[in-house]
Amino acid sequence: PFKLSDEEWKARLDPLAYDVLRREATERPFTSPLNDEHRAGKFHCAGCDQLLFSSEKKFDSGTGWPSFWDFVPGAIGSTEDTTLGMVRTEVHCSNCGGHQGHVFNDGPAPTGLRYCINGVSLRFAPDA
């Protein structure tokens with residue numbers, strides 16, 4: 001796994017990315033340019049650059065965050081999140097533990113899942 005000290009994370013990431021990836025904050029909806037990214041390409045963790053999602057599995061959920069119906073095998077881990085008085089499934093990068101967002105059971109076929117991801121947690125690399 002990719003590990004850094006808290007000070008190293010602060011030096012590596014801009015303040016909003018640090019708050020989201022390392023402190024499980026959430027960016028405001030409809031603020032990420034990746035929400036409207038429709039080119040073919042790959043979405044990597046903004047913390048460690050691990051490949052997480054492919055554009056073929058991205059869809060417009062209307063929620064204001066980049067959404068995917070599946071992830072690259074082995075790239076995402078999950079934990080139970082009981083903040084905000086509800087039970088949700090938090091998803092994080094399996095390599096560095098960076099908070100990505102949450103997964104919900106209201107996505108499209110074939111999985112029926114919606115990985116609702118903070119754009120600031122991602123780096124997009126268009127296909128050549």
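Start at 1 with the first residue, then count along the sequence.
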Checklist entry - With His92, which residues qualify under side-chain contact (heavy atoms from CB on, under 4.5 Å), at least two apart? => result Thr79, Glu90
Item to check | Pairs where residues 110-121 contributes a residue and the test side-chain hydrogen bond (donor to acceptor under 3.5 Å, both in side chains) is met, not counting sequence neighbours | outcome: Asp106-Arg114
Checklist entry - Quick one: do Lys10 and Asp19 make a salt bridge, cutoff under 4.0 Å? => result no
Next on the checklist: Once side-chain contact (heavy atoms from CB on, under 4.5 Å) is applied, do any residues pair with Arg28, and if so which ones, sequence neighbours excluded?
Outcome noted: Thr31
Checklist entry - So if you build clusters from Ile, Leu, Val, Met, Phe, Trp, Tyr with side-chain heavy-atom gaps below 4.5 Å, do Phe124 and Val91 land together? => result yes
Checklist entry - Step by step, would you call Ser55 with Arg39 a side-chain contact (heavy atoms from CB on, under 4.5 Å)? => result CA-CA 7 Å; Ser55 61; Arg39 294 176 290 172; over 6 Å; no
Please tabulate, one pair per line, all N/O donor-acceptor pairs under 3.5 Å involving side-chain atoms of residues 67-78, not counting sequence neighbours.
| residue | atom | partner | partner atom | Å |
| --- | --- | --- | --- | --- |
| Ser67 | OG | Ser61 | OG | 2.8 |
| Ser67 | OG | Trp65 | O | 3.1 |

Item to check | Results of side chain to side chain donor-acceptor pair (under 3.5 Å) for Thr82 - residues two or more places apart only | outcome: none
Next on the checklist: Angle between ring planes, Phe104 versus His102, binned at 30° and 60°: parallel, tilted or perpendicular?
Outcome noted: tilted
Item to check | Contacts of Arg22 that satisfy salt bridge (charged side-chain N to carboxylate O under 4.0 Å, His left out) - sequence neighbours left out | outcome: none
Checklist entry - So, Glu80 and Thr89: side-chain donor and acceptor under 3.5 Å apart, yes or no? => result no
Next on the checklist: Tell me if a side-chain donor or acceptor on Glu27 pairs with a main-chain N or O of Gly119 at a distance below 3.5 Å.
Outcome noted: yes
Checklist entry - Quick one: side chain to side chain donor-acceptor pair (under 3.5 Å) partners of Arg123, sequence neighbours excluded? => result Asp49
Checklist entry - Looking at Ser94 and Gln50, what are the two nearest heavy atoms and their distance? => result OG-NE2, 3.1 Å
Next on the checklist: According to side chain to side chain donor-acceptor pair (under 3.5 Å), who are the partners of Glu8, at least two apart in sequence or on a separate chain?
Outcome noted: Ser5
Next on the checklist: Show me the pairs that pass ring pair (Phe, Tyr, Trp, His ring centres under 6.0 Å) and involve residues 4-41, at least two apart or across chains.
Outcome noted: Phe2-Trp9
Checklist entry - Is Gln100 close to Cys93 at the side-chain level, that is, under 4.5 Å between some pair of heavy atoms? => result yes
Next on the checklist: With a 4.5 Å cut-off on side-chain heavy-atom distances among I, L, V, M, F, W and Y, is there a chain of contacts connecting Phe43 to Leu13?
Outcome noted: no
Next on the checklist: Apply the hydrophobic cluster definition, ILVMFWY joined by side-chain contacts under 4.5 Å directly or through others, and give me every member besides Leu16.
Outcome noted: Val20, Val120
Checklist entry - Do Leu51 and Leu21 belong together in a cluster built from hydrophobic side chains that touch within less than 4.5 Å? => result no
Checklist entry - Counting distance only, does the side-chain N/O of Lys58 pair as donor-acceptor with the main-chain N or O of Phe53 below 3.5 Å? => result no
Item to check | Inter-residue atom distance Leu52.CG - Lys42.NZ, 0.5 Å rounding | outcome: 12.5 Å
